[in-house]
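Read the structure below first, then the notes.
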Amino acid sequence: MARVQIIAANWKMNKTIPEAVAFAREIVQGVDFTGVEVVLCPAFPALGPVAEAVSGSPVRVAAQDVFWEDQGAYTGEVSPVMLRDAGCRYVIIGHSERRQYFGETDETVNRKVKAVLRHGLIPIVCVGERLAEREAGETFAVVERQVTAAFAGVEEAVAAGTVIAYEPVWAIGTGKNAAPEDAQAVNRFIRELVGRLYSPATAAQIRIQYGGSVTPENAASLLGQPDIDGALVGGASLKVSLFAAIINAASKALL
Ligand code: PEP
């Protein structure tokens with residue numbers, strides 16, 4: 001069965017609640033969702049309002065992070081239970097900005113992945129090499145370490161339904177996207193790795209996005225690659241017209 005492209009808007013620390021809701025309404029009304037799954041990832045305060053705005057539509061909502069405990073004395077943290085309650089379907093885990101600025105490690109990523117799966121949420125697990133690692137020829141080793149650690153102890157039955165986002169760190173927010181064939185090579189490597197960790201059937205089913213300076217101009221060539229099943233979009237997801245154009249490119253990539 002063909003994998004449905006998943007196009008996610010990672011708004012990071014942008015958009016007030018009214019701005020987020022207005023954007024969500026415009027996407028719901030103005031986009032053709034044929035063959036594409038669209039996910040909006042607002043900051044925590046806007047999760048509930050955006051979930052309400054897209055309710056009854058095919059658009060899904062994701063959080064940008066989570067903590068691994070269900071509840072308790074963890075000031076400032078948000079649990080998977082709370083995210084479900086707010087209407088989330090997905091949770092971004094291990095974004096490079098979390099790894100770089102907030103001490104996220106392969107181990108905390110794994111704890112978070114297992115926690116959200118326990119509560120029926122779907123992780124979007126971010127992996128990707130830094131520039132120095134790429135230049136040292138370590139891309140595949142880094143990605144292998146990150147994916148293997150993220151999925152440690154995750155049952156095959158749930159692994160197949162998860163999403164991995166390959167996001168080379170040097171491509172995030174820099175305007176320098178990976179060449180489509182380079183991104184394809186890494187995504188293919190990740191799929192083969194999932195095949196080794198689980199089975200060929202799970203490898204065939206799991207969706208692997210690309211993220212890093214995706215724009216309406218480069219989306220079609222990236223999304224047209226056989227092992228790229230969607231995009232995690234930062235900067236270009238902040239404007240409805242740009243994000244809608246990327247969604248369109250995803251439906252065309254299916255033709
Ligand atoms: C991201 O933050 O996940 C991202 C890919 O950002 P940008 O599209 O701006 O590179």
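Along the sequence shown, residues are numbered consecutively beginning with 1. Both ligands and their constituent atoms are indexed starting at 1 by order of listing.
The distance from ligand 1 to the heavy atoms of G235 drops below 4.0 Å at these ligand atoms: 7 (P), 8 (O), 9 (O). Interface atoms of ligand 1 facing G212, defined by a heavy-atom separation under 4.0 Å, are 5 (C), 10 (O).
Assignment of A171 to the shell around ligand 1 is supported, since a heavy atom sits closer than 4.0 Å. Contact annotation: A236 has no heavy atom less than 4.0 Å from any atom of ligand 1.
Between K12 and ligand 1, at least one pair of N/O atoms sits closer than 3.5 Å. By the 3.5 Å distance cut-off applied to N or O atoms, G173 is counted among the residues near ligand 1. No N or O atom of V233 sits closer than 3.5 Å to an N or O atom of ligand 1. For ligand 1, the polar-atom distance check finds an N/O of G234 within less than 3.5 Å of one of the ligand's N/O atoms. For the pair E97 and ligand 1, the shortest N or O to N or O distance does not fall below 3.5 Å.
With a 4.5 Å cut-off on side-chain heavy atoms, Q146 and R99 count as touching. You'll find the side chain of R196 reaches within 4.5 Å of the side chain of E144, heavy atoms only.
Only the side chain of N10 comes within contact range of ligand 1, with a heavy atom under 4.0 Å; no backbone atom does.
One N or O on the side chain of Q5 and one on the backbone of G230 form a donor-acceptor pair closer than 3.5 Å. N187 places a side-chain N or O within 3.5 Å of a backbone atom of D227 that can act as its donor or acceptor partner. No donor-acceptor distance shorter than 3.5 angstrom exists from the side chain of E104 to the backbone of H95, with no hydrogens or angles considered. In terms of modelled atom types and a separation under 3.5 Å, the side chain of R98 and the main chain of D65 share no donor-acceptor contact.
Pairing each heavy atom of A150 with each of V109, the nearest pair is CB-CG1, 3.9 Å.
Looking at atom 1 (C) of ligand 1, its nearest protein heavy atom turns out to be H95 NE2, 3.2 Å. E167 OE2, 2.7 Å is the protein heavy atom nearest to atom 3 (O) of ligand 1.
No hydrogens or angles considered: a donor-acceptor pair under 3.5 Å links the side chains of S199 and E156.
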